[in-house]
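These notes are about the structure you will find just below.
On a predicted model such as this, the values are computed, not experimentally measured, just so you know.
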Amino acid sequence: MNKVLVISPHPDDETLGCGGTLIRHKQEGDEIHWLIMTCVNSSEKKMHSAKEKEIREVSKAYNFNSTSRTKFLTSQLDLVPRKEIIQVISKVFQEIQPNFLYLPFQNDIHSDHSIVFDAAASCTKSFRYPYIRRVMIYETISETEFSIRPDKEQFKPNLWIDISDYIDKKIEIMSLYESEIGKEPFPRSEQNIRSLANFRGSTAGVLSAEAFILLKEII
């Protein structure tokens, strides 16, 4: 049994990036854990209440073994000292001791994604976190593909995971994020999520897949 931890800058990144893979991990008997790095300002009561409801429903749908939260505000991670972000992630690592780690892509267009990646990467040193055996980067539709900086590497996967049996469940869970999903051509639509899974699947020779950059693996 593996202990899997997905770190999402915002609620929904985990589902868009590796929802099918998380469901597969659970079906195969692994523990799955979720760390959400930002939250909506509680002063925005209606939005805050809706988001809290979505998180509860999504956590239940995956049957996560644990769901960890921070008090950092969405789109304001750049105002937080990097040391504080690293300390929060390190604490969760020490509590869970994950074997598999899923992180957002460093060059996504949203600054929160870049900051979360950099902070989490600081917590993967083998002499301090020897239990981490595999580190993978997921792509987030509506963030990864919109990065247009010519000086940054684009997402180039080298690992594909077959989610043909889990794509419908992934869509079902994503639909729980009523405030985040929309109709095409909106990027986070059912059609576009399925299209990306089909495209990644065609590369791997399966019906549906999620693609990753495998950064580190210790066997």
Side-chain angles (χ1 to χ4, degrees), residues 1-40 42 46-71 74 92 95-96 98-105 110 112-113 116 120 136-144 160-184 186-198 200-201 206-212:
M1 180 189 72
N2 292 300
K3 291 184 178 180
V4 177
L5 174 63
V6 58
I7 302 182
S8 55
H10 320 100
D12 82 349
D13 293 326
E14 78 298 326
T15 300
L16 292 169
C18 55
T21 299
L22 292 172
I23 297 165
R24 176 171 170 168
H25 275 299
K26 194 69 174 182
Q27 288 292 316
E28 293 176 350
D30 293 334
E31 288 186 12
I32 58 173
H33 301 264
W34 185 19
L35 171 56
I36 307 168
M37 290 302 300
T38 63
C39 63
V40 176
S42 59
K46 186 175 181 179
M47 183 182 297
H48 183 266
S49 177
K51 187 61 64 177
E52 290 297 309
K53 178 176 179 289
E54 291 173 352
I55 291 170
R56 288 193 302 270
E57 291 178 346
V58 168
S59 184
K60 182 179 179 181
Y62 279 113
N63 192 21
F64 279 115
N65 293 85
S66 74
T67 299
S68 304
R69 310 279 299 276
T70 78
K71 296 182 179 179
T74 297
V92 172
E95 291 172 352
I96 297 173
N99 309 119
F100 288 10
L101 186 60
Y102 291 94
L103 304 177
F105 184 47
H110 200 305
D112 284 351
H113 288 226
V116 168
M136 290 153 287
I137 305 303
Y138 58 80
E139 60 181 332
T140 308
I141 195 169
S142 78
E143 300 293 350
T144 306
W160 290 260
I161 296 179
D162 184 358
I163 62 163
S164 301
D165 293 335
Y166 311 107
I167 182 63
D168 289 338
K169 183 67 174 179
K170 170 175 175 165
I171 297 295
E172 180 184 322
I173 294 176
M174 187 60 204
S175 69
L176 295 173
Y177 287 112
E178 296 179 6
S179 61
E180 302 296 339
I181 196 165
K183 292 288 186 180
E184 59 279 350
F186 185 66
R188 295 189 299 274
S189 68
E190 176 178 345
Q191 178 176 316
N192 289 335
I193 294 169
R194 287 188 184 277
S195 294
L196 179 59
N198 292 340
R200 293 307 187 190
V206 298
L207 292 176
S208 299
E210 288 171 337
F212 302 89

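- The CG atom of Leu196 sits 9.0 Å away from atom CG of Asn192, with the distance rounded to the nearest 0.5 Å.
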(message) Evaluate Arg69 against Glu52 for side-chain contact (heavy atoms from CB on, under 4.5 Å), listing each step before the verdict.
(response) CA-CA 11 Å; Arg69 310 279 299 276; Glu52 290 297 309; 2.7 Å; yes
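- To the nearest 0.5 angstrom, Ile181 atom CD1 is 9.5 Å from Leu176 atom CG.
- Evaluation of the ring pair (Phe, Tyr, Trp, His ring centres under 6.0 Å) rule for Tyr102 yields His25, Phe212 as partners, not counting sequence neighbours.
- Two residues are said to be in side-chain contact when any heavy atoms from C-beta on lie closer than 4.5 Å; Val58 and Trp34 meet this criterion.
- For the pair Ile7/Leu101, a side-chain contact is recorded, criterion being any heavy-atom separation below 4.5 Å from C-beta on.
- Take Ser59 and apply the side-chain hydrogen bond (donor to acceptor under 3.5 Å, both in side chains) test, not counting sequence neighbours, and it matches Thr67.
- Among residue pairs with one or both ends in residues 56-66, those qualifying as salt bridge (Lys or Arg N to Asp or Glu O under 4.0 Å) are Lys53-Glu57; sequence neighbours excluded.
- Looking at Ile32 and Val6, their side chains never come closer than 4.5 Å, going by heavy atoms from C-beta outward.
- A donor-acceptor contact shorter than 3.5 Å is absent between the side chain of Asn2 and the backbone of Asp30.
- Without hydrogens or angle criteria, Lys183 side chain to Ser189 main chain gives no donor-acceptor distance under 3.5 Å.
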(request) Give the intermediate values and the outcome of side-chain contact (heavy atoms from CB on, under 4.5 Å) for residues Val116 and Leu103. (result) CA-CA 8 Å; Val116 168; Leu103 304 177; 5.7 Å; no
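- Across all their heavy atoms, Gly17 and Glu210 have their closest contact at O-CD, 3.9 Å.
- A donor-acceptor pair is defined here as one N or O able to donate and one able to accept, closer than 3.5 Å; no such pair exists between the side chain of Glu180 and the backbone of Asp12.
- Across every non-hydrogen atom of Ala197 and Ile167, the tightest pair is CB-CD1, 3.8 Å.
- Considering only residues two or more places apart in sequence or on other chains, Glu139 meets the salt bridge (Lys or Arg N to Asp or Glu O under 4.0 Å) condition with Arg200.
- Residues that satisfy the salt bridge (Lys or Arg N to Asp or Glu O under 4.0 Å) test with Asp112, not counting sequence neighbours, are absent from this structure.
- A search for salt bridge (Lys or Arg N to Asp or Glu O under 4.0 Å) contacts involving Lys3 returns nothing, not counting sequence neighbours.
- Annotation: salt bridge (Lys or Arg N to Asp or Glu O under 4.0 Å) contacts of Glu190 (sequence neighbours excluded): Arg194.
- Listed by chain and residue number, Gln191 satisfy the side-chain contact (heavy atoms from CB on, under 4.5 Å) test with Ser195 (two or more places apart in sequence, or in another chain).
- Across every non-hydrogen atom of Lys51 and Ser179, the tightest pair is NZ-OG, 3.4 Å.
- Here Tyr177 pairs with nothing under the ring pair (Phe, Tyr, Trp, His ring centres under 6.0 Å) rule; sequence neighbours left out.
- A distance-only check finds a donor-acceptor pair linking the side chain of Ser164 to the backbone of Ser208 [under 3.5 Å].
- Scanning all heavy atoms of the two residues, the minimum distance from Tyr138 to Cys18 falls at CD2-SG, 4.1 Å.
- Of all heavy-atom pairs between Val40 and Thr74, the closest is N-OG1, 4.3 Å.
- Rounded to the nearest 0.5 Å, atoms OG1 (Thr15) and CD1 (Ile23) are 7.5 Å apart.
- Expressed to the nearest 0.5 Å, how far NE2 of His110 lies from OG1 of Thr144 amounts to 12.0 Å.
- In this structure, the separation between CG on Asp13 and CD on Glu143 is 6.5 Å, given to the nearest 0.5 Å.
- Within the structure, salt bridge (Lys or Arg N to Asp or Glu O under 4.0 Å) contacts touching residues 14-26 (residues at least two apart or in different chains) are Arg24-Glu28.
- Here Ser66 pairs with His33 under the side-chain hydrogen bond (donor to acceptor under 3.5 Å, both in side chains) rule; sequence neighbours left out.
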(request) Could you please spell out the steps behind the side-chain contact (heavy atoms from CB on, under 4.5 Å) verdict for Phe105 and His113? (result) CA-CA 7 Å; Phe105 184 47; His113 288 226; over 6 Å; no
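- Applying the side-chain hydrogen bond (donor to acceptor under 3.5 Å, both in side chains) test to Glu178 and every residue at least two apart in sequence or in another chain returns nothing.
- Going from atom NZ of Lys71 over to atom OG1 of Thr38 covers 15.0 Å, rounded to the nearest 0.5 Å.
- Of all the heavy atoms in Val4 and Leu22, the pair that sits closest is CG1-CD2, 4.2 Å.
- In terms of modelled atom types and a separation under 3.5 Å, the side chain of Thr70 and the main chain of Met37 share a donor-acceptor contact.
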